[in-house]
Every structure is written in C-alpha cells, then in structure tokens.
Trainee: 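Here it is, the structure, as structure tokens.
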Amino acid sequence: MALGIDTADALNNSCFNWPNFYSWMGHWPVFVGRYFGGGYDSTAGEFTYFKKTTGGVATSVAPIQASQASRQSTAGSTGYSYGQTDAGTTIKNINNFLASGELVKQSSGLIYVYLDVEANTSITADYWAGWANAIWHSTDPSGALPYYPCVYTQFTESGGKYYPQSSVQSALNSACTNYPSAEVQCFG
C-alpha cells in the first residue's frame with residue numbers, strides 16, 4: 001500500500017525534519033496532498049525540494065482545496081457561485097504549478113482534485129455542483145481537460161463498510177438530481 005501525507009505547511013518548511021520522518025516510518029511517502037486553494041496554499045519550489053529530499057520516491061501530488069465551511073454550507077445560486085469561484089482559484093493555482101514545471105501530470109494524464117470537507121461541515125448540493133462542474137470543465141495549460149472532482153473528508157464505519165459523513169453523502173446525491181445538466185459526479 002502506498003503511503004501518502006498531507007500538510008498545511010510547505011514541504012520545504014524548515015519545521016519539517018524529513019530524516020526523522022523516514023526513521024519513524026522506515027520509508028518515504030509516495031505521494032503528498034497539498035492545498036492549492038482556500039488557504040495553506042502550496043509555495044514555489046516545495047515539490048522539487050520534496051522529490052529531491054525523498055530521493056525521487058515522492059513523485060505524485062494530490063491537489064486539495066482547503067475546507068471553507070461558511071462557503072461550502074451556502075445554499076442556492078450563491079452556494080453554486082461560491083463553488084465555481086473556489087474551483088476556479090484552485091485550478092488557476094494548479095495550472096501555475098503545471099506551467100512552471102513544478103508539477104507534472106501522471107502518465108494517465110488525469111488529475112484528481114480533492115475538495116476538503118472537514119468533519120461536521122454541512123456542504124450543500126449547490127456548492128458541490130458549482131465546484132465539481134467547474135473542476136470538470138477546466139483546462140490545463142496545454143488545453144486538455146484532465147481534471148476530475150473528488151472529496152477529501154471524514155468517513156464513518158457502519159456494518160463493516162465506510163461512508164463519507166452524512167452531509168457529503170446528501171450533497172453528492174442531491175446534486176445529481178438538482179443539477180441534471182451539470183457534471184457533478186464525484187470520482188474519489
């Protein structure tokens with residue numbers, strides 16, 4: 001199983017002691033989740049630094065948009081608009097890193113973009129629909145459509161199965177019904 005980490009600080013922040021991490025785990029993480037919108041955003045040079053620090057082991061980045069509870073819980077056309085705007089900011093930041101060469105697409109050419117929905121955040125179907133639709137229709141610097149909307153959230157166990165928190169389940173299910181002409185599918 002591949003080990004991945006996410007951080008609220010840049011990977012080249014001096015507070016990280018990567019040799020201690022390696023000693024503790026016995027290996028390097030294969031991928032890292034980093035924020036590209038909503039706060040805790042990625043900084044130039046951190047992915048190159050991290051790849052070099054791990055001897056080239058860490059080769060993948062999972063782009064995340066930080067949770068913004070007040071925006072994610074907004075309903076109606078305002079919630080949809082917030083979702084679109086937030087997705088646009090996140091994609092712009094990802095595209096800047098792709099254009100600079102700091103990020104490289106995987107061989108599949110697909111980029112799964114995660115929306116962080118913190119525990120007990122009541123995300124609305126409207127916000128999700130605006131966010132997911134904007135992610136799906138965004139292009140990368142080459143003009144390709146590689147982006148797939150995903151959710152990064154807390155899961156709970158029930159009957160031996162794991163489910164996303166109830167507000168996420170509700171938002172995803174309702175978005176399909178409420179926005180039949182939008183691309184609202186969740187890919188991960």
Side-chain angles (χ1 to χ4, degrees), residues 2 4 6 8 31-42 60-99 103 105-159 161-188:
D6 80 336
F31 69 94
V32 61
R34 280 294 286 128
Y35 293 92
F36 286 82
Y40 315 115
D41 292 346
S42 301
S60 299
V61 176
I64 305 169
Q65 178 188 300
S67 183
Q68 299 178 72
S70 64
R71 292 172 72 84
Q72 290 174 346
S73 64
T74 302
S77 61
T78 302
Y80 189 90
S81 179
Y82 282 167
Q84 287 181 310
T85 300
D86 295 348
T89 299
T90 298
I91 293 297
K92 178 183 171 199
N93 293 337
I94 294 168
N95 282 344
N96 287 340
F97 278 86
L98 286 169
L103 286 180
K105 286 194 287 187
Q106 298 298 303
S107 59
S108 68
L110 306 177
I111 300 173
Y112 294 87
V113 182
Y114 293 85
L115 174 63
D116 184 3
V117 182
E118 293 291 337
N120 303 314
T121 296
S122 296
I123 185 171
T124 65
D126 305 306
Y127 183 92
W128 170 258
W131 190 85
N133 193 56
I135 294 292
W136 179 260
H137 289 288
S138 294
T139 59
D140 69 8
S142 74
L145 289 163
Y147 297 112
Y148 286 71
C150 303
V151 174
Y152 177 51
T153 193
Q154 178 180 356
F155 279 67
T156 56
E157 188 267 335
S158 177
K161 294 182 180 180
Y162 288 88
Y163 299 93
Q165 59 180 311
S166 61
S167 75
V168 172
Q169 288 183 58
S170 178
L172 296 177
N173 292 333
S174 296
C176 293
T177 303
N178 298 349
Y179 294 91
S181 62
E183 299 294 342
V184 298
Q185 183 175 353
C186 179
F187 290 87

Trainee: What distance do D140 atom CG and I94 atom CD1 have between them, rounded to the nearest 0.5 Å?
Mentor: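 Separation between the atoms: 10.5 Å.
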
Trainee: Strictly distance-based, threshold 3.5 Å: is any side-chain N or O of D126 a donor or acceptor partner for the main-chain N or O of G76?
Mentor: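 It does hold such a pair.
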
Trainee: Mind listing the closest non-hydrogen atom pair of L98 and I111 along with its distance?
Mentor: CD1-CD1, 3.9 Å

Trainee: Looking at every non-hydrogen atom in both residues, tell me the closest pair between Q72 and A66 and how far apart they are.
Mentor: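 So the minimum-distance heavy-atom pair works out to NE2-O, 4.3 Å.
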
Trainee: How many angstroms lie between atom OG of S138 and atom CD of Q84, to the nearest 0.5 angstrom?
Mentor: 10.0 Å

Trainee: Which pair of non-hydrogen atoms, one from D41 and one from R34, has the smallest distance, and what is that distance?
Mentor: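 For D41 versus R34, the nearest heavy atoms are O-NH2, 3.4 Å.
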
Trainee: Closest approach of Q154 and A119, non-hydrogen atoms and distance?
Mentor: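 Heavy atoms only, the tightest pair is OE1-CB, 2.7 Å.
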
Trainee: To the nearest 0.5 angstrom, please state how far the OG atom of S73 sits from the CG atom of N120.
Mentor: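 Separation between the atoms: 12.5 Å.
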
Trainee: Report, as yes or no, whether the 6.0 Å neighbourhood of atom NZ on K105 holds more than 12 heavy atoms from other residues, nucleotides or ligands.
Mentor: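 Enclosed: over 12 neighbouring heavy atoms sit under 6.0 Å from NZ of K105.
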
Trainee: Under a 4.5 Å cut-off applied to non-hydrogen side-chain atoms, are S174 and W128 in contact?
Mentor: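 Heavy-atom side-chain distance check fails, nothing below 4.5 Å.
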
Trainee: Ignoring hydrogens, what is the shortest heavy-atom contact between Q165 and E118? Give both atom names and the distance.
Mentor: NE2-O, 3.0 Å

Trainee: Check whether any side-chain heavy atom of W131 lies under 4.5 Å from a side-chain heavy atom of V113, and answer yes or no.
Mentor: yes

Trainee: Does a side-chain heavy-atom distance below 4.5 Å link Y35 with D116?
Mentor: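 When only atoms from C-beta onward are counted, D116 and Y35 do touch, with a gap below 4.5 Å.
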
Trainee: Give the ring-plane orientation class for Y80 versus Y179, where under 30° counts as parallel, over 60° as perpendicular and anything between as tilted.
Mentor: parallel

Trainee: Would you check if L110 and F187 make a side-chain contact, meaning some heavy-atom pair closer than 4.5 Å?
Mentor: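 They are not in side-chain contact.
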
Trainee: Which one of T74, D86, T78 satisfies the side chain to side chain contact (heavy atoms under 4.5 Å, CB included) criterion with Y127?
Mentor: D86

Trainee: How many angstroms lie between OH in Y163 and OG in S158, if you round to the nearest 0.5 Å?
Mentor: 6.0 Å

Trainee: How far does OG of S70 sit from OH of Y82, to the nearest 0.5 angstrom?
Mentor: 7.0 Å

Trainee: Return yes if some donor-acceptor pair links the side-chain N/O of T153 with the main-chain N/O of V117 below 3.5 Å, else return no.
Mentor: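 Here the side-chain-to-backbone pair exists.
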
Trainee: Which word best sums up how the rings of Y148 and W136 line up, parallel for under 30°, tilted for 30 to 60°, or perpendicular for over 60°?
Mentor: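 Answer is perpendicular, since the angle exceeds 60°.
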
Trainee: Spell out, as yes or no, whether a donor-acceptor pair under 3.5 Å connects the side chain of Q169 to the backbone of P164.
Mentor: yes

Trainee: How long is the span from the OH atom in Y40 to the CG atom in D6, to the nearest 0.5 Å?
Mentor: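 Y40 atom OH to D6 atom CG measures 11.0 Å (nearest 0.5 Å).
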
Trainee: Are any of the side-chain heavy atoms of T177 and N173 separated by less than 4.5 Å?
Mentor: no

Trainee: Could you tell me whether the side chain of N95 reaches within less than 4.5 Å of the side chain of Y147, counting heavy atoms only?
Mentor: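 When only atoms from C-beta onward are counted, N95 and Y147 do touch, with a gap below 4.5 Å.
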
Trainee: Write down the atom of A125, the atom of A175, and the distance for their closest heavy-atom approach.
Mentor: CB-N, 3.7 Å

Trainee: Hey, are the side chains of I135 and I91 touching, using non-hydrogen atoms and a 4.5 Å cut-off?
Mentor: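 Touching, per the 4.5 Å side-chain cut-off.
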
Trainee: Would you check if T121 and S67 make a side-chain contact, meaning some heavy-atom pair closer than 4.5 Å?
Mentor: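 A side-chain contact exists here, since the closest heavy-atom pair is under 4.5 Å.
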
